[in-house]
**Student:** 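There's a structure below that I have some questions on.
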Amino acid sequence: MPHNLSDSSIRLREMIEKAIEDHKITRDEYDKILNIATEDGFIDAHEQALLSELQQMIEDKVVRFVI
């Protein structure tokens with residue numbers, strides 16, 4: 001993993017990877033992902049790419065919202 005990644009980027013990646021592995025995400029997990037991405041007041045390019053990838057997977061129903 002590159003050294004220039006922020007702590008929030010690493011945590012964001014871990015949460016998104018879990019959602020991808022499970023093929024599901026709860027509203028709480030999604031909210032936590034958004035909170036991690038925005039906690040430092042800036043969404044860097046890596047975080048934006050991760051969020052875009054997750055959003056596309058949700059739209060394609062690869063990852064589904066669960067209650």
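Given the structure is predicted, the values throughout are model-derived calculations rather than measurements. Numbers for residues simply follow the sequence, beginning at 1.
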**Student:** Looking at every non-hydrogen atom in both residues, tell me the closest pair between Glu39 and Ser8 and how far apart they are.
**Tutor:** OE2-CB, 3.5 Å
**Student:** Mind listing the closest non-hydrogen atom pair of Ala19 and Val63 along with its distance?
**Tutor:** O-CG2, 3.9 Å
**Student:** Could you state the interatomic distance from CD1 (Ile33) to CD1 (Ile25), rounded to the nearest 0.5 Å?
**Tutor:** 3.5 Å
**Student:** Does the Asp22 side chain pair with the main chain of Lys24, one donor and one acceptor, at a distance under 3.5 Å?
**Tutor:** no
**Student:** Just wondering, do Ile20 and Glu53 contact through their side chains at under 4.5 Å, heavy atoms?
**Tutor:** yes
**Student:** Check whether Thr26 reaches the backbone of Glu29 with its side chain - one donor and one acceptor, N or O, closer than 3.5 Å.
**Tutor:** yes
**Student:** Roughly how far, to the nearest 0.5 Å, is the CG atom of Leu12 from the CG atom of Leu50?
**Tutor:** 5.0 Å
**Student:** Evaluate side-chain contact (heavy atoms from CB on, under 4.5 Å) for Arg64 paired with His23, printing each intermediate quantity in order.
**Tutor:** CA-CA 6 Å; Arg64 296 180 183 261; His23 299 283; over 6 Å; no
**Student:** Taking atom CE of Met15 and atom CG of Leu54, what is their separation to the nearest 0.5 Å?
**Tutor:** 10.0 Å
**Student:** May I ask you to test the Gln55-Leu51 pair for a side-chain heavy-atom distance under 4.5 Å?
**Tutor:** no
**Student:** Just checking, any donor-acceptor pair under 3.5 angstrom between side chains of Ser52 and Gln56?
**Tutor:** no
**Student:** Between Glu47 and Arg13, does a side-chain contact (heavy atoms from CB on, under 4.5 Å) hold up when you go through it step by step?
**Tutor:** CA-CA 8 Å; Glu47 292 169 334; Arg13 174 179 283 286; over 6 Å; no
**Student:** Under 3.5 Å, is there a donor-acceptor pair between the Asp44 and Ser9 side chains?
**Tutor:** yes
**Student:** Distance-only, no hydrogens or angles: does the Asp60 side chain make a donor-acceptor pair with backbone N or O of Val62 under 3.5 Å?
**Tutor:** no
**Student:** Can you tell me how far NZ of Lys32 sits from CG of Leu34, rounded to the nearest 0.5 angstrom?
**Tutor:** 12.5 Å
**Student:** I'd like to know if Glu14 and Lys18 make a salt bridge, using a cut-off of under 4.0 Å between side-chain N and carboxylate O.
**Tutor:** no
**Student:** Taking atom CD1 of Ile43 and atom CD1 of Ile36, what is their separation to the nearest 0.5 Å?
**Tutor:** 12.0 Å
